[in-house]
Amino acid sequence: MILKRTAGTLLSITVSLVLVVVAWLVFIRQFDMNPMVVRGPDDVWAYLFTAENAAANRALVWDDLSITLIDAGLGLVVGLVAASVIAIAFVLSTAAEQAFMPIAMIMRSVPLVAMTPVLTLVFGRELTATTVIVGIVVFFPALVNMVLGLRSASPQAVDLVHAYGGGTRTAMRKVLIPSALPAFFTSARISAPGAIIGALLAEWLATGKGIGYRMLQDVSTFESDNLWTSVVVITLVSLAVYSVISVIENVVLSRFGRNP
């Protein structure tokens, strides 16, 4: 069953990629785009694999991408962990939720582009600033999903734990957290591409490193080949991370007897 679901996930991703490539080609030909500005799939393939300096091109893209993946990965983990911990606190204490949830929503309404210069001044231009920026992108939607997921637990199951002498912690461990697993993985799948976008934003505005900053330079210097290749690579990485999380979700939920 797990293999079947995993194969279905990979098939849907493959179909999506094919449709994107077809739409890309149709767009270029239908609107007669300037080849000096817009690159096609064949140009990206040549840049990475068949051009004379393809090896150097791949090394350049990988060096920048590795920085972005570290930025996005740390921010994703920090954001999900923080959202999970605070969601548990909100469920355990209604007063805490009533006090702090409006503050969280107000902070979420502030554009991240406006917050980034302030965060850069506070945390500097290194990894800490990027982790905070990406964590903010991940935190708020994950928090809302996790609170809803924890509250979706069966009240009868919670009462049963209490009837057998279990306390609040036992009910949380045995009932609420397993019930919130689908919400957690949904948050992770949604947040993973968002974390990469947050890392790109931090690199544009704060750190001056990674594939995000390289793309900004490519726009300024009119390096269309590297720019379009970077966009394609980021898109593929986002799909790959989404797929990996989906596979992990299938395995974990199947072990808990849940339908992914």
Side-chain angles (χ1 to χ4, degrees), residues 1-31 33 38-50 54 57-58 61-62 64-66 68-77 79-80 83-84 134 137-138 141-142 144-146 148-149 152 177-200 211-212 215 225 227-260:
M1 184 63 70
I2 295 176
L3 292 177
K4 182 178 179 180
R5 289 168 178 163
T6 301
T9 299
L10 296 178
L11 178 62
S12 64
I13 295 296
T14 302
V15 172
S16 298
L17 285 175
V18 171
L19 291 177
V20 168
V21 172
V22 171
W24 186 1
L25 292 171
V26 170
F27 177 81
I28 292 176
R29 295 177 181 177
Q30 184 68 26
F31 293 95
M33 302 302 296
V38 179
R39 295 292 191 265
D42 52 337
D43 297 313
V44 173
W45 179 267
Y47 183 80
L48 288 176
F49 299 107
T50 61
N57 296 337
R58 290 196 301 271
V61 172
W62 172 250
D64 294 329
L65 179 63
S66 60
T68 301
L69 290 179
I70 293 173
D71 295 340
L74 286 176
L76 177 64
V77 172
L80 289 176
S84 301
V134 176
V137 174
V138 173
V144 174
N145 282 334
M146 286 299 297
L148 292 175
S152 68
I177 291 179
S179 298
L181 285 176
F184 175 82
F185 282 107
T186 298
S187 300
R189 283 190 283 109
I190 294 173
S191 299
I196 294 177
I197 294 175
L200 296 177
I211 202 168
M215 291 168 66
D225 287 328
L227 175 63
W228 281 85
T229 301
S230 298
V231 172
V232 171
V233 168
I234 285 294
T235 302
L236 293 176
V237 168
S238 298
L239 288 173
V241 173
Y242 184 95
S243 301
V244 169
I245 295 175
S246 297
V247 172
I248 296 173
E249 178 184 14
N250 291 336
V251 174
V252 173
L253 294 188
S254 297
R255 289 183 180 274
F256 278 87
R258 303 296 297 270
N259 184 26

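In this chain, residues are counted from 1 in sequence order.
Counting heavy atoms from C-beta on, the side chains of Arg39 and Tyr47 never come closer than 4.5 Å. When side chains are defined from C-beta on, Leu74 does not count as touching Val134, because their heavy atoms never get closer than 4.5 Å. Using a 4.5 Å cut-off on side-chain heavy atoms (C-beta onward), Val241 and Pro193 make no contact. Contact check for Leu17 versus Val21: no side-chain heavy atoms found under the 4.5 Å cut-off. When side chains are defined from C-beta on, Val137 does not count as touching Ser191, because their heavy atoms never get closer than 4.5 Å.
Checked by atom type and distance alone, the side chain of Trp228 never pairs as donor or acceptor with a backbone atom of Asp43 at under 3.5 Å.
Of all non-hydrogen atoms in Ile245 and Ala192, the two that sit nearest each other are CD1-CB, 3.8 Å. Taking all atoms of both residues into account, the shortest heavy-atom contact from Ala83 to Ala142 is CB-CB, 3.7 Å. Considering every non-hydrogen atom in both Leu76 and Ala195, the closest pair reads CB-CB, 4.1 Å. Between Ala183 and Met146, the closest heavy-atom pair is C-SD, 4.3 Å. A pairwise comparison of heavy atoms in Gly40 and Ile28 identifies CA-CD1, 3.7 Å as the closest pair.
Applying the side-chain hydrogen bond (donor to acceptor under 3.5 Å, both in side chains) test to Ser187 and every residue at least two apart in sequence or in another chain returns Asn145. Judged as a side-chain hydrogen bond (donor to acceptor under 3.5 Å, both in side chains), and not counting sequence neighbours, the contacts of Thr68 are Glu203. Asp64 is linked by a salt bridge (Lys or Arg N to Asp or Glu O under 4.0 Å) to Arg214, counting only residues two or more places apart in sequence or in another chain.
Distance check: Thr50 OG1 to Asp42 CG gives 9.0 Å after rounding to the nearest 0.5 Å. Atom CD of Glu249 is separated from atom CG of Leu181 by 9.5 Å, given to the nearest 0.5 angstrom. A distance of 8.0 Å separates CG in Leu65 from CD1 in Ile196, rounded to the nearest 0.5 Å. Here the OG1 atom belonging to Thr235 is positioned 8.5 Å from the CH2 atom belonging to Trp24, to the nearest 0.5 angstrom. The distance from the OG1 atom of Thr229 to the CG atom of Leu48 is 5.0 Å, given to the nearest 0.5 Å. One finds the CD1 atom of Ile248 at 12.0 Å from the CZ atom of Arg189 (value rounded to the nearest 0.5 Å).
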